[in-house]
Chemist: 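Before I ask anything, here is the structure I am working with.
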Amino acid sequence: MPTHPDMKKILISTILTVIGSVTLMSQTKTHFEYPTAPDSLATLQEKTSYILMRFWDKADMKKLLNDTTSFNEAFADYVSFIPYAGADSVKKSITNLTSRYKNDAKSTLKIVKAAEKYLFSPDAPFWADEQYMLFTKAALSNKKVSSKDKAYYLEQVKMLNGSQVGSTVSPLTYNTRHGAVHQLYDQPGEFTLLYIHGEGCKDCDMISLRMETDFAVNALSKNGTLKIVDIYTGTPDEKWKKSVEKFPYEWEVGTSSEIGRTIDSRNLPAMYLLDKDRKILLRDMNVNQVLSMAASIYKEQQKQQ
């Protein structure tokens with residue numbers, strides 16, 4: 001389950017709530033009475049699972065869903081338990097909530113939009129992709145949800161499914177630093193390092209420099225073992241063009257503002273290691289892992305010579 005920097009705040013808040021309070025956020029006003037975990041439950045997982053399963057029991061859902069602000073506030077409290085509850089309880093709780101509105105497109109979309117805000121969006125307090133897709137499933141299976149709305153959520157599901165280790169990356173198009181249009185699948189290499197970054201990245205210049213000056217990375221790039229595909233998501237202005245002028249010839253350097261629709265790019269910079277068939281071997285890599293990986297591959301090649 002990917003986490004956001006604010007995850008620690010949720011962890012502290014939740015632990016204090018579950019262990020030290022009779023209700024969630026008891027010091028603040030809530031829109032309905034939240035459940036209380038019995039003292040007989042000893043562990044944090046048991047307590048959070050109990051609360052999650054019964055969270056909406058005392059809510060006037062018709063009234064709550066008619067007030068988007070109030071519903072979103074309650075929903076934010078609800079999902080804050082997800083990281084600590086048992087997986088089966090989380091799945092069952094989400095299914096129980098969404099199944100109530102399988103014939104109600106408006107309510108279903110309001111719930112899924114809240115899930116998008118708090119579990120999927122770049123500004124979400126934490127990311128829970130597997131759980132978020134349970135909510136999108138409700139929209140996709142609801143016969144009364146419009147085809148336009150379904151297409152929107154289906155695109156997200158395809159992106160998430162295609163961004164997991166073991167998945168094959170979907171075809172990806174980008175504009176190169178020389179102005180040509182290239183495809184990821186057209187690039188040779190036993191391995192491909194897909195390096196995605198955007199505007200305002202403080203560490204990206206240093207990341208590029210470390211890879212550019214690393215002996216093993218250079219050796220693997222030159223002998224065709226490792227293809228580095230550097231994709232910038234910002235505007236390809238003169239500043240960017242100048243910054244990539246001296247990048248190694250072997251690097252594939254380009255831009256794409258739409259890459260986030262194909263592969264998970266919510267947390268930049270993002271690094272994916274792909275095999276020759278563009279299957280994801282590793283994701284969420286940092287530059288130290290990349291250099292270590294390159295050193296290991298190069299060392300193995302030398303042994304075989």
Side-chain angles (χ1 to χ4, degrees), residues 1 3-38 47-85 89-142 144-146 148-150 152-153 156 266:
M1 182 184 298
T3 58
H4 231 246
D6 289 338
M7 186 73 160
K8 184 180 292 185
K9 296 179 183 178
I10 295 177
L11 172 60
I12 294 172
S13 175
T14 303
I15 291 176
L16 290 176
T17 295
V18 173
I19 296 177
S21 306
V22 295
T23 60
L24 176 66
M25 300 177 184
S26 61
Q27 302 303 314
T28 61
K29 182 180 178 181
T30 59
H31 299 287
F32 57 91
E33 183 182 346
Y34 292 173
T36 302
K47 290 177 182 290
T48 51
S49 296
Y50 180 95
I51 293 175
L52 200 66
M53 288 294 299
R54 297 160 178 81
F55 188 86
W56 304 102
D57 285 359
K58 295 187 178 182
D60 182 341
M61 293 302 292
K62 183 177 181 179
K63 179 180 178 181
L64 195 62
L65 284 167
N66 283 330
D67 183 341
T68 300
T69 299
S70 296
F71 175 72
N72 283 351
E73 289 173 352
F75 192 87
D77 292 344
Y78 168 68
V79 299
S80 70
F81 286 106
I82 284 178
Y84 319 108
S89 295
V90 172
K91 183 176 181 179
K92 187 174 181 179
S93 176
I94 294 172
T95 301
N96 288 346
L97 174 62
T98 56
S99 63
R100 297 189 201 181
Y101 306 99
K102 59 184 178 181
N103 295 316
D104 182 346
K106 183 178 179 180
S107 295
T108 293
L109 289 175
K110 184 160 286 189
I111 292 170
V112 178
K113 286 176 182 177
E116 180 178 16
K117 179 178 181 178
Y118 293 105
L119 297 176
F120 174 79
S121 75
D123 297 325
F126 66 96
W127 293 322
D129 297 342
E130 183 179 348
Q131 290 71 29
Y132 175 61
M133 285 194 283
L134 291 175
F135 286 101
T136 61
K137 181 180 179 181
L140 295 173
S141 61
N142 190 313
K144 296 188 178 182
V145 170
S146 70
K148 181 180 178 181
D149 287 323
K150 287 184 178 181
Y152 174 78
Y153 291 112
Q156 292 180 345
R266 290 171 294 173

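If you're wondering where the values come from, they're calculated on a predicted model, not measured in any experiment.
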Chemist: Could you state the interatomic distance from NZ (Lys92) to OG1 (Thr95), rounded to the nearest 0.5 Å?
Modeler: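 With rounding to 0.5 Å, NZ (Lys92) is 10.0 Å from OG1 (Thr95).
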Chemist: Could you tell me whether the side chain of Ser141 and the main chain of Lys137 form a donor-acceptor pair under 3.5 Å?
Modeler: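 Yes, Ser141 side chain to Lys137 backbone: donor-acceptor pair under 3.5 Å.
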Chemist: Considering all heavy atoms of both residues, which atom of Ala85 and which atom of Val90 are nearest to each other, and what is their separation?
Modeler: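 Smallest interatomic distance, heavy atoms only, reads CB-CG2, 3.8 Å.
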Chemist: Taking the six-membered ring for Trp, are the ring centroids of Tyr132 and Trp127 within less than 6.0 Å of each other?
Modeler: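 They do not qualify: ring centres at least 6.0 Å apart.
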Chemist: Go through the structure and list residues passing side chain to side chain contact (heavy atoms under 4.5 Å, CB included) with Tyr152, not counting sequence neighbours.
Modeler: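 If we apply the side chain to side chain contact (heavy atoms under 4.5 Å, CB included) test to Tyr152, skipping adjacent residues, the hits are Glu116, Gln156.
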Chemist: Between the side chain of Ser121 and the main-chain N/O of Ala124, is any donor-acceptor distance below 3.5 Å?
Modeler: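 Confirmed, Ser121 side chain pairs with Ala124 backbone.
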Chemist: State whether the side chain of Thr108 and the backbone N or O of Tyr101 hold a donor-acceptor pair below 3.5 Å, judged by distance alone.
Modeler: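 Checking the backbone N and O of Tyr101 against the side chain of Thr108, a donor-acceptor pair under 3.5 Å is found.
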Chemist: Determine whether the side chains of Lys110 and Thr68 contain a donor N or O and an acceptor N or O closer than 3.5 Å.
Modeler: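 Yes, because at least one side-chain N or O of Lys110 sits under 3.5 Å from a partner of the opposite role on Thr68.
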Chemist: Counting the benzene-type ring for Trp, do Phe75 and Phe135 have ring centres under 6.0 Å apart?
Modeler: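 Yes, close enough.
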Chemist: More than 12 heavy atoms of other residues, nucleotides or ligands under 6.0 Å from CD of Glu130: is that the case?
Modeler: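 Result for CD/Glu130: open.
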Chemist: Verify, without hydrogens or angle tests, whether Thr98 (side chain) and Ala138 (backbone) share a donor-acceptor contact under 3.5 angstrom.
Modeler: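 No; zero donor-acceptor contacts below 3.5 Å.
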Chemist: Are the side chain of Thr136 and the backbone N or O of Met133 linked by a donor-acceptor pair below 3.5 Å?
Modeler: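 Side chain of Thr136 to backbone of Met133: a pair is present.
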Chemist: How far apart are the closest heavy atoms of Ser80 and Phe126, and which atoms are they?
Modeler: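 Shortest heavy-atom contact: CA-CE2, 4.4 Å.
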Chemist: For the residue pair Leu140 and Lys150, what are the closest heavy atoms and their distance?
Modeler: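 Closest heavy-atom pair between Leu140 and Lys150: CD2-O, 3.3 Å.
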Chemist: Stepwise, does the side-chain contact (heavy atoms from CB on, under 4.5 Å) test hold for Leu109 with Tyr153?
Modeler: CA-CA 10 Å; Leu109 289 175; Tyr153 291 112; 4.0 Å; yes
Chemist: So does Phe120 get a backbone contact from the side chain of Arg266, meaning a donor-acceptor N/O pair under 3.5 Å?
Modeler: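 Yes, the answer is positive, given that a donor and an acceptor are paired below the 3.5 Å cut-off.
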Chemist: Ignoring hydrogens, what is the shortest heavy-atom contact between Ala105 and Lys144? Give both atom names and the distance.
Modeler: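 Between these two residues, the closest heavy atoms are CB-O, 3.3 Å.
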Chemist: Checking the side chain of Ser99 only, and the main-chain atoms of Asn96 only, is there a donor and an acceptor separated by less than 3.5 Å?
Modeler: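 Present.
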Chemist: State which residue, out of Tyr118, Trp56, Tyr78, fulfils the ring-ring contact (aromatic ring centres under 6.0 Å, His included) condition with Phe71.
Modeler: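 Option passing the ring-ring contact (aromatic ring centres under 6.0 Å, His included) with Phe71: Trp56.
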